[in-house]
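A short write-up of the structure that comes next.
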Amino acid sequence: MTARAAEALGAAPLNDFALSGELTQGGWARGVAPRGASQLTFDGKPVALAADGRFLIAFDRDAGPATQLSARLADGRVAARSLAISRRAWKLEYIPIGPRPGAAPSAEFARRRALELAQINAARAIAHDSPGWRQTFIWPVYGRISGRFGSQRIYNGTPGSYHSGMDIATGTSGTPFVAPADGVVVLAAQSPFTLEGRLLMIDHGMGLGSAFLHCSKLAVKAGDVVRQGQYIGNIGMTGRATGPHLHWSIKWRDSRLDPSLFAGPMR
C-alpha cells in the first residue's frame, strides 16, 4: 500500500507515517499513524491520535538535527521512523557590548507578574477537540513584518532571548485581525498584562495554540468557538510595545514555532 493510498484510507503502512509539512526548526508535520497503531510517541513522549489516525507533531526553534517517531501496534510490534530536522539560518545581530542591566523588579510587579503567568499557564493546560490543527493557516492581518520569528541579539558573546513570534505592523492602532484557524478561546485578558498587554490565546487542538499580544481591543471571550477568518480583535500597543503591531506566536506543547511556516509567505 502506498503512503498516498494509506492516507486516503486513514491508515499508513508499517513504518510509514505519511508525513507532510515543514520538517525544520520552528516547523511542523501532520501525519497518519500506521494501521493498527494503539499508541504514538514522539521522542518518547505520547502524541494524541485523532479518531481517523491523524496526528500533529512540531519542532522547536532550537530543535536538534534528528528526532524519533514511534507507534505501537495492536499486535505488539513497534513501527519507528527517524526524522531529519533541517537547521535554520536565524537572523542574528551581534552587539559588541553586554546587555544593559535592568532595574530589579518591584515587589508589586513580581506579584502581578506571577498572577499573569499563572493565567497563561492555566490557559495552555486547557485542551479542546478543535479541528484547527488540520487546516492551512491564514495570516491574521496583512502588513509590514517588523519582527521575525527566531531573530536574536548576541551581546558580547552572550545570547539574548530570541523573538518568539511574528510582529505585523499596519502603521496604525485599531486595525482588525482575524483567527488564522478554527479554535477555542482559552484566554482573553481584557485588562492588559504587564508585558503582553491585552492578550488573546486560542487552542487549535492537538496541543497547538496561537497567542496575540498588545491588542487594543478583544472581540471574543474565553470559551468562544472561533472560525478561520473570523474577526477576533484589533491591533494595538498595550503592554510592553514601542508602537502599534500584532505579535502572533504559535506553540505546540512547549515548542515555539514559526507562524510563517503555517501561513506561508505574506502576499
Side-chain angles (χ1 to χ4, degrees), residues 21-31 42-43 45-48 50 55-64 67 69 83 85 88 90 113 116-141 145 147-152 161-168 177-189 193 195-215 218 220 222 226 228 232-233 239-240 245-264:
E22 301 282 351
L23 273 68
T24 188
Q25 292 176 322
W28 56 274
R30 285 190 288 259
F42 178 58
D43 280 345
K45 297 181 180 179
V47 172
F55 63 88
L56 174 77
I57 56 175
F59 320 106
D60 186 71
R61 186 262 196 190
D62 295 326
T67 188
L69 187 61
L83 308 179
I85 308 303
R88 300 276 297 279
W90 304 112
R113 189 59 184 157
E116 294 169 353
L117 290 175
Q119 292 183 64
I120 292 172
N121 291 332
R124 286 177 176 161
I126 298 173
H128 290 280
D129 186 20
S130 172
W133 65 276
R134 298 175 181 263
Q135 297 175 316
T136 299
F137 280 42
I138 62 174
W139 286 94
V141 68
I145 301 297
R148 292 192 175 275
F149 174 83
S151 60
Q152 187 177 31
S161 299
Y162 66 81
H163 195 241
S164 62
M166 296 290 283
D167 287 347
I168 311 166
F177 65 93
V178 303
D182 292 358
V184 180
V185 178
V186 291
L187 179 62
F193 283 7
L195 303 183
E196 298 86 358
R198 286 191 178 88
L199 170 63
L200 178 63
M201 296 174 63
I202 295 176
D203 175 18
H204 300 297
M206 287 293 186
L208 188 69
S210 284
F212 307 91
L213 283 61
H214 311 305
C215 306
L218 303 181
V220 291
V226 297
Q228 186 177 63
I232 55 176
R240 186 173 294 178
H245 70 280
L246 181 68
H247 175 101
W248 175 30
S249 62
I250 298 179
K251 291 188 75 174
W252 180 72
R253 297 180 171 177
D254 292 327
S255 296
R256 296 187 181 276
L257 312 178
D258 185 350
S260 70
L261 296 182
F262 284 80

Near N121 CG, under 6.0 Å, is it more than 12 heavy atoms from other residues, nucleotides or ligands?
-> yes

Please check if the side chain of W248 supplies one atom and the backbone of W139 the other of a donor-acceptor pair under 3.5 Å.
-> no

Pair up each side-chain donor or acceptor in residues 199-207 with any protein partner under 3.5 Å, not counting sequence neighbours, and list the distances.
residue, atom, partner, partner atom, Å
D203, OD1, G205, N, 2.8
D203, OD2, H128, N, 2.7
H204, ND1, D182, O, 2.8
H204, NE2, S210, OG, 2.8

Measure the shortest side-chain to side-chain distance between I126 and V184 over non-hydrogen atoms and say whether it is less than 4.5 angstrom.
-> no

Is the closest side-chain heavy-atom distance between S255 and W28 below 4.5 Å?
-> no

What heavy-atom pair brings S164 and R256 nearest, and what distance separates the two atoms?
-> CB-NH1, 3.6 Å

CG of D258 to CE of M166: how many Å apart, nearest 0.5 Å?
-> 6.0 Å

Measure the spacing between CD1 of I145 and NE2 of H245 and express it to the nearest 0.5 Å.
-> 11.0 Å

Is the count of non-hydrogen atoms from other residues, nucleotides or ligands lying under 6.0 Å from D62 atom CG greater than 12?
-> yes

Do L261 and R88 pass the side-chain contact (heavy atoms from CB on, under 4.5 Å) test, and can you show the C-alpha distance, the side-chain angles, and the key distance before you say yes or no?
-> CA-CA 12 Å; L261 296 182; R88 300 276 297 279; 3.4 Å; yes

How close do A123 and L187 get, heavy atom to heavy atom, and via which atoms?
-> CB-CB, 3.8 Å

Provide the closest heavy-atom pair for H247 versus G165 in the form atom of the first, atom of the second, distance.
-> CE1-N, 3.5 Å

Is there a side-chain contact between P180 and F262 (heavy atoms, below 4.5 Å)?
-> no

Walk me through it: do F59 and F42 pass the test side-chain contact (heavy atoms from CB on, under 4.5 Å)?
-> CA-CA 11 Å; F59 320 106; F42 178 58; 3.7 Å; yes

From CZ (R240) to NE2 (H214), nearest 0.5 Å | 10.0 Å

Start with the C-alpha gap between V47 and R253, add the side-chain angles, then the distance that decides, and say whether side-chain contact (heavy atoms from CB on, under 4.5 Å) holds.
-> CA-CA 10 Å; V47 172; R253 297 180 171 177; 4.1 Å; yes

Residues forming a side-chain contact (heavy atoms from CB on, under 4.5 Å) with R61, sequence neighbours excluded | W90, L92, F149, Q152, Y162

Please check if the side chain of Q228 supplies one atom and the backbone of T136 the other of a donor-acceptor pair under 3.5 Å.
-> yes

Considering all heavy atoms, the nearest V226-A179 contact | CG2-CB, 4.2 Å

Counting only N and O atoms by type, is there a donor-acceptor contact under 3.5 Å from the side chain of R124 to the main-chain atoms of G209?
-> no

From CA spacing to verdict: salt bridge (Lys or Arg N to Asp or Glu O under 4.0 Å), R198, E116 = CA-CA 11 Å; R198 286 191 178 88; E116 294 169 353; over 6 Å; no

Looking at P259 and I250, what are the two nearest heavy atoms and their distance?
-> CA-CD1, 3.8 Å

Rounded to the nearest 0.5 angstrom, the CG-OG1 distance for L23 and T67 is 9.5 Å

What's the shortest heavy-atom distance between L213 and L246, and which atoms?
-> O-CD1, 4.0 Å

Spatial distance of atom CH2 (W252) from atom CG (L56) [nearest 0.5 Å] = 6.5 Å

Reported CG-to-CD distance for the pair L208 and Q135, which is rounded to 0.5 angstrom | 11.0 Å

